[in-house]
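For reference, the structure discussed in these notes is given below.
Fair warning: this is a prediction, and the values are worked out from it, not measured in the lab.
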Amino acid sequence: MTEISKTAPLIPSLRRVAEHLVRNATNTDIAAAEGLSASTVHAYVKDIRKHLGLPARASRAAVAHALLGRGEATASDPGRPAPAFTSDETLLLRAIATRSRQADIALAAKIAPADLHSKTEALLSTARATDPVHLIRLGHAWGLLESLGESEPTPASASPPRPARRTAPLAQPDGRTPTTRTPRPGQAARNRAVSRGPVKASP
């Protein structure tokens, strides 16, 4: 899951680009609409990802979810109610919103990676969405995707495993706790020799 950083709102120039991003406009389309060069739009999109705390390769759907969840862009009213999504479809919707890699989406949605494409296409058809970004926009408009007022933890930021607990030695009948002594160098060999008894001389 992607972690959304708590930062100040986007500056106006980036917010205008953000509105295009949540409609899945290409960088070329954004450049033409805003009167910018393609390289400037590329830099702006990179700045938006960084501002949101998203990785450089975050999907457009994940970027749209972060922008809409933070209130940096708006999801217009689709003019129709949400379809009756199944619990599996809702889980896939949220996985697409919060993951970017196909393997991570499949894992979060609890489906086989080989079935991800067909399941996604079926979800798009049910929602009457043209692409994953449109799907995320509809999900926010229908209130199916929560806002991001607080940061969402990523799988990598999960708590580290706890160290193994030490087992205390059992107490003796008199109530004392036994102590483990480390044998001195050569002591173990002398103990073995003593336990075997005296060595008989060869005839």
Side-chain angles (χ1 to χ4, degrees), residues 1-5 10 14-33 38 41-42 44-148 151-156:
M1 185 181 295
T2 302
E3 184 175 349
I4 312 302
S5 62
L10 290 171
L14 295 185
R15 190 172 180 122
R16 287 195 299 272
V17 172
E19 290 289 350
H20 291 288
L21 289 177
V22 298
R23 284 156 183 78
N24 207 24
T26 65
N27 287 6
T28 301
D29 292 337
I30 297 173
V41 173
H42 178 78
Y44 280 4
V45 174
K46 183 178 179 181
D47 288 343
I48 288 173
R49 282 191 171 97
K50 184 177 180 180
H51 180 91
L52 296 170
L54 298 172
R57 295 186 179 276
S59 68
R60 284 290 180 102
V63 173
H65 172 57
L67 289 169
L68 291 167
R70 283 271 306 271
E72 298 286 8
T74 56
S76 57
D77 184 1
R80 52 190 168 90
F85 288 128
T86 66
S87 57
D88 289 343
E89 288 174 328
T90 302
L91 191 63
L92 178 56
L93 169 65
R94 291 173 179 168
I96 293 172
T98 56
R99 267 72 172 178
S100 295
R101 294 176 62 249
Q102 297 296 295
D104 293 338
I105 294 173
L107 181 63
K110 299 180 181 180
I111 59 178
D115 296 335
L116 179 60
H117 178 73
S118 61
K119 295 286 188 182
T120 302
E121 289 297 318
L123 179 59
L124 292 174
S125 177
T126 300
R128 290 158 54 190
T130 55
D131 52 63
V133 174
H134 185 204
L135 175 67
I136 298 307
R137 194 167 72 247
L138 289 171
H140 275 276
W142 288 327
L144 300 176
L145 294 170
E146 62 278 356
S147 63
L148 303 175
S151 60
E152 295 184 352
T154 61

Quiz prompt | Value rounded to 0.5 Å, distance of CG in Leu67 from CG in Leu52 | solution = 5.0 Å

Quiz item: Any sub-3.5 Å donor-acceptor pair from Arg99's side-chain atoms to Ala108's backbone N or O?
Solution: no

Quiz item: Should Val63 and Leu54 be marked as a side-chain contact (heavy atoms from CB on, under 4.5 Å) after you check the CA-CA gap, both sets of side-chain angles, and the distance that decides it?
Solution: CA-CA 8 Å; Val63 173; Leu54 298 172; 3.8 Å; yes

Quiz item: Is a side-chain donor or acceptor of Ser100 paired with a backbone partner of Ser59 at a separation under 3.5 angstrom?
Solution: yes

Quiz prompt | Residues that Pro113 engages under side-chain contact (heavy atoms from CB on, under 4.5 Å), provided they are two or more places apart | solution = Ala106

Quiz item: Should Thr90 and Leu144 count as side-chain neighbours, where that means a heavy-atom distance under 4.5 Å?
Solution: no

Quiz prompt | side-chain hydrogen bond (donor to acceptor under 3.5 Å, both in side chains) partners of Arg128, counting only residues at least two apart | solution = none

Quiz item: Which heavy atom of Ala127 sits nearest a heavy atom of Trp142, and at what distance?
Solution: O-CH2, 3.8 Å

Quiz item: Measuring from Thr98:OG1 to Ile105:CD1, what's the distance to the nearest 0.5 Å?
Solution: 8.0 Å

Quiz item: Where do His20 and Arg16 come nearest, in terms of heavy atoms and distance?
Solution: CD2-O, 3.1 Å

Exercise. For the residue pair His51 and Leu10, establish whether any side-chain heavy-atom pair is separated by less than 4.5 Å.
Key: yes

Quiz item: Hey, does the side chain of Arg137 reach the backbone of Val22 with a donor-acceptor pair shorter than 3.5 angstrom?
Solution: yes

Self-check item: Gap separating the CD1 atom of Ile96 from the CG atom of Leu124, nearest 0.5 angstrom
Solution: 6.5 Å

Quiz item: Can Asp47 and Val17 be said to form a side-chain contact (heavy atoms from CB on, under 4.5 Å), step by step?
Solution: CA-CA 11 Å; Asp47 288 343; Val17 172; over 6 Å; no

Quiz item: Donor-acceptor pair, Glu72 side chain versus Ala18 backbone, under 3.5 Å?
Solution: no

Practice problem: Taking the side chain as every heavy atom from C-beta outward, state whether Arg60 and Asn24 have any atom pair closer than 4.5 Å. | Solution: yes

Quiz prompt | side-chain contact (heavy atoms from CB on, under 4.5 Å) between Arg94 and Leu145, intermediate numbers included | solution = CA-CA 7 Å; Arg94 291 173 179 168; Leu145 294 170; 3.7 Å; yes

Quiz prompt | Interatomic spacing from CG in Leu135 to NE2 in His140 - rounded to 0.5 Å | solution = 10.0 Å

Quiz item: Under the side chain to side chain donor-acceptor pair (under 3.5 Å) rule, what pairs show up with a residue in residues 102-125, not counting sequence neighbours?
Solution: Arg101-Asp104

Quiz prompt | Side-chain heavy atoms of Leu123 within contact of Phe85, under 4.5 Å | solution = yes

Practice problem: Please indicate whether Arg80 has more than 12 foreign heavy atoms, meaning atoms of other residues, nucleotides or ligands, lying under 6.0 Å from its CZ. | Solution: yes

Exercise. Can you see which heavy atom on Gly139 is nearest to which on Leu93, and at what distance?
Key: CA-CD2, 4.5 Å

Exercise. With side-chain contact (heavy atoms from CB on, under 4.5 Å) as the test, would you mind laying out the steps for Leu68 and Thr74 before giving the verdict?
Key: CA-CA 6 Å; Leu68 291 167; Thr74 56; 5.5 Å; no

